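Numbers here simply count residues along the sequence, with the first being 1. Values reported hereafter were calculated over all heavy atoms of this structure, with side chains retained and with hydrogens, waters and symmetry mates removed. Note that this is a predicted model, so its numbers are computed, not measured.
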Amino acid sequence: MAFPLSSAIISYKHSLNVSVTPSFPKLSFLPTQFVFCSNQMPSKDPARPARPRIHCLSKKTLSEELADRHDFPTNFNLSICRHGIKKLESLIAVILLSIQISSPLPLVSWDSLSISPATAVLYSPDTKVPRTGELALRKAIPANTNMKTIQESLEDISYLLRIPQRKPFGTMEGNVKKALKIAVDEKDSILASLPTNLKEKGSTLYALLIDGKGGLQALLESIKDKDPDKVSVGLASSLNTVAEIELLQAPGLSFLLPKKYLNYPRLTGRGIVEFTIEKGDGSTFSPEAGGELRKTATIQVVVDGYSAPLTAGNFAKLVIDGAYDGAKLSCTDQAVLSDSGLDKNGYNVPLEIMPSGQFEPLYRTTLNVQDGELPVLPLSVYGAVAMAHSEVSEEYSSPYQFFFYLYDKRNAGLGGLSFDEGQFSVFGYTIVGKDILPQIKTGDVIRSAKLVEGQDRLILPNES
């Protein structure tokens with residue numbers, strides 16, 4: 001696995017210069033400079049934080065200045081100065097303490113308070129990276145613009161539902177009304193995007209989206225009832241219908257592959273691979289609800305050719321060829337890997353990652369997440385499926401070895417992104433059997449792997 005992208009080390013060394021002019025009766029104005037130093041005095045008690053030091057500096061002592069310009073006694077002048085300085089020190093201490101309490105940031109130089117967008121991507125908890133495979137797959141469908149706008153409006157409700165206590169039902173209602181208006185006003189455009197042989201099915205799904213039991217009208221009523229559970233169920237139903245319509249609208253790739261890659265297998269849509277896993281030591285998997293212990297378990301993976309056609313195509317071909325039947329699995333803290341498959345025949349597919357907001361994948365290059373580059377298919381999802389790196393070059397994926405990624409936010413950055421994000425060719429997600437992944441141990445075996453859906457989307461080199 002790749003090493004973490006970077007570690008941010010911030011050093012603090014700053015000063016706050018405040019020029020003040022103490023006022024004394026019948027005395028000339030004397031410039032005094034106060035310097036706040038954030039270097040902290042060590043504390044012997046670990047339970048108490050170190051305290052900042054405040055220094056008072058002057059190019060010329062007050063006593064000398066006063067003595068030069070006036071005939072007041074030196075002791076009298078010093079007494080007045082010290083009294084004024086103590087009050088000013090107390091005032092500055094109160095101001096600095098108020099700033100420290102009210103601001104979540106350390107007292108650094110003022111320039112550093114403006115965080116660049118590149119850094120904010122990693123550290124913002126609001127980064128809208130898909131957190132489930134289902135959401136990532138929905139967002140990856142290259143569909144009609146109107147359907148995408150409807151989807152985005154509904155997806156926002158998912159984030160609003162996470163708000164604890166008083167949820168913004170008014171905002172949710174506005175989102176659904178916006179989606180409903182687009183769906184009604186742009187009906188002709190939506191249905192015109194469907195292939196002729198799929199128009200009847202698409203029209204049925206469209207009617208369900210508008211007035212069906214799990215459609216937008218029903219979702220609107222659930223929001224008016226202010227029932228979060230009903231809203232969540234209705235939202236999931238509406239989004240599933242949206243995804244089904246979008247899949248009908250996207251019969252193939254929305255971009256042209258570079259000519260040099262046309263001799264690779266490629267998947268021009270979605271496919272489903274079903275794995276049957278058995279224990280290598282003869283033990284069993286935990287039972288399903290109300291069931292019995294199982295000697296084998298099933299895992300289903302949706303492979304996405306829309307975003308990673310070469311990687312998904314090579315994997316689908318290997319599955320059809322039976323290359324993974326009998327393959328042994330090994331486990332780390334973050335992944336379940338297939339064996340290296342040195343005796344298997346796969347293609348040396350280049351690293352293939354589609355950045356979010358782009359229309360085609362990048363090849364033989366990783367993404368710089370710190371600069372804001374995020375993939376359409378993120379690795380930071382439990383059950384993400386990706387190819388390992390080639391042993392020869394990290395610009396290529398392994399011809400055979402793949403892994404299930406066991407995402408754990410405790411091992412991720414502050415923004416919830418894996419430190420390996422943007423480094424591997426992710427091509428699918430586990431949609432059935434995610435509960436099986438943590439039960440897999442080193443030595444367990446893939447009894448069989450089958451491409452149960454998507455054979456018609458797989459194009460082999462001699463078929464081009």
Side-chain angles (χ1 to χ4, degrees), residues 128 130 132-158 175-219 234-257 266-272 302-310 312-313 316 354-361 375-377 427-429 431 452-459:
K128 290 188 176 182
T132 66
E134 291 80 5
L135 174 54
L137 290 168
R138 276 200 305 268
K139 293 174 75 70
I141 304 171
N144 175 278
T145 304
N146 291 317
M147 289 304 300
K148 278 299 175 189
T149 304
I150 293 172
Q151 179 186 334
E152 290 169 3
S153 183
L154 296 178
E155 298 285 9
D156 285 342
I157 299 177
S158 299
N175 282 19
V176 176
K177 286 182 177 179
K178 175 185 175 182
L180 190 57
K181 185 177 187 306
I182 294 172
V184 173
D185 293 349
E186 302 297 334
K187 176 180 178 180
D188 293 340
S189 172
I190 292 172
L191 296 180
S193 299
L194 298 168
T196 304
N197 61 327
L198 297 175
K199 283 190 181 295
E200 184 177 350
K201 183 177 181 180
S203 298
T204 301
L205 289 171
Y206 174 84
L208 288 175
L209 178 64
I210 302 298
D211 297 313
K213 183 177 180 181
L216 297 178
Q217 294 285 7
L219 178 58
L235 177 63
S237 178
S238 294
L239 283 171
N240 286 338
T241 304
V242 167
E244 288 187 67
I245 295 174
E246 290 178 337
L247 286 172
L248 295 181
Q249 294 175 332
L253 299 184
S254 60
F255 55 90
L256 296 176
L257 285 169
R266 56 191 182 274
L267 188 67
T268 61
R270 293 276 166 85
I272 296 178
V302 171
V303 291
D304 181 39
Y306 294 126
S307 303
L310 302 184
M354 182 180 283
S356 181
Q358 300 297 317
F359 298 99
E360 59 185 355
V376 171
L377 301 180
F427 62 92
Y429 296 95
I431 56 168
V452 296
E453 188 176 314
Q455 294 92 333
D456 57 328
R457 300 292 183 90
L458 179 62
I459 298 176

*Distance in Å, Q151 CD paired with N146 CG, rounded so as to fall on 0.5 Å steps*: 13.0 Å
*Kindly compute the distance separating CG (L205) from CD1 (I190), expressed to the nearest 0.5 Å.*
12.0 Å
*Hey, what do you get for CG (L191) to CG (L248), rounding to the nearest 0.5 Å?*
11.0 Å
_For a quick test of reading the model, state the closest non-hydrogen atom pair linking M354 to Y306 and the distance between them._
CE-O, 3.7 Å
*Scan K148, R138, K139 and name whichever one has a salt bridge (Lys or Arg N to Asp or Glu O under 4.0 Å) with E155.*
R138
*Mind listing the closest non-hydrogen atom pair of P309 and L253 along with its distance?*
CB-CD1, 4.0 Å
*asked:* For L154, is there any backbone N or O sitting under 3.5 Å from a side-chain donor or acceptor partner on N175?
replied: no
*asked:* Please give me the minimum heavy-atom distance between S203 and L194, naming the atom from each residue.
replied: N-CD1, 4.4 Å
*Start with the C-alpha gap between Y429 and L135, add the side-chain angles, then the distance that decides, and say whether side-chain contact (heavy atoms from CB on, under 4.5 Å) holds.*
CA-CA 10 Å; Y429 296 95; L135 174 54; over 6 Å; no
*N/O donor-acceptor pair under 3.5 Å between D211 side chain and A207 backbone*: no
*So how far is it from L247 CG to L198 CG, rounded to the nearest 0.5 Å?*
11.0 Å
*Evaluate the side-chain proximity of V303 to R270: yes if any heavy-atom separation is below 4.5 Å, no if none is.*
no
*Any idea which heavy atoms bring A140 and L377 closest together, and the distance?*
CB-CD2, 3.9 Å
_Check against side-chain contact (heavy atoms from CB on, under 4.5 Å), L257 and L310_ = CA-CA 9 Å; L257 285 169; L310 302 184; 4.0 Å; yes
*Do you know the tightest heavy-atom contact between Y206 and K187?*
OH-CB, 3.3 Å
*In Å, rounded to the nearest 0.5 Å, how long is the span from CG of L209 to CG of L216?*
4.5 Å
*Can you see which heavy atom on A250 is nearest to which on P142, and at what distance?*
CB-O, 3.4 Å
*Taking atom NZ of K178 as the centre, report whether more than 12 heavy atoms of other residues, nucleotides or ligands fall under 6.0 Å from it.*
no
_Whether the side chain of S238 engages the backbone of G214 through a donor-acceptor N/O pair (distance < 3.5 Å, no angle test) should be reported._
yes
*asked:* Using 0.5 Å steps for rounding, measure from the CD atom of E246 to the CG atom of L239.
replied: 9.0 Å
*When you measure from the side chain of Q249 to the backbone N and O of N144, does any donor-acceptor pair fall under 3.5 Å?*
yes
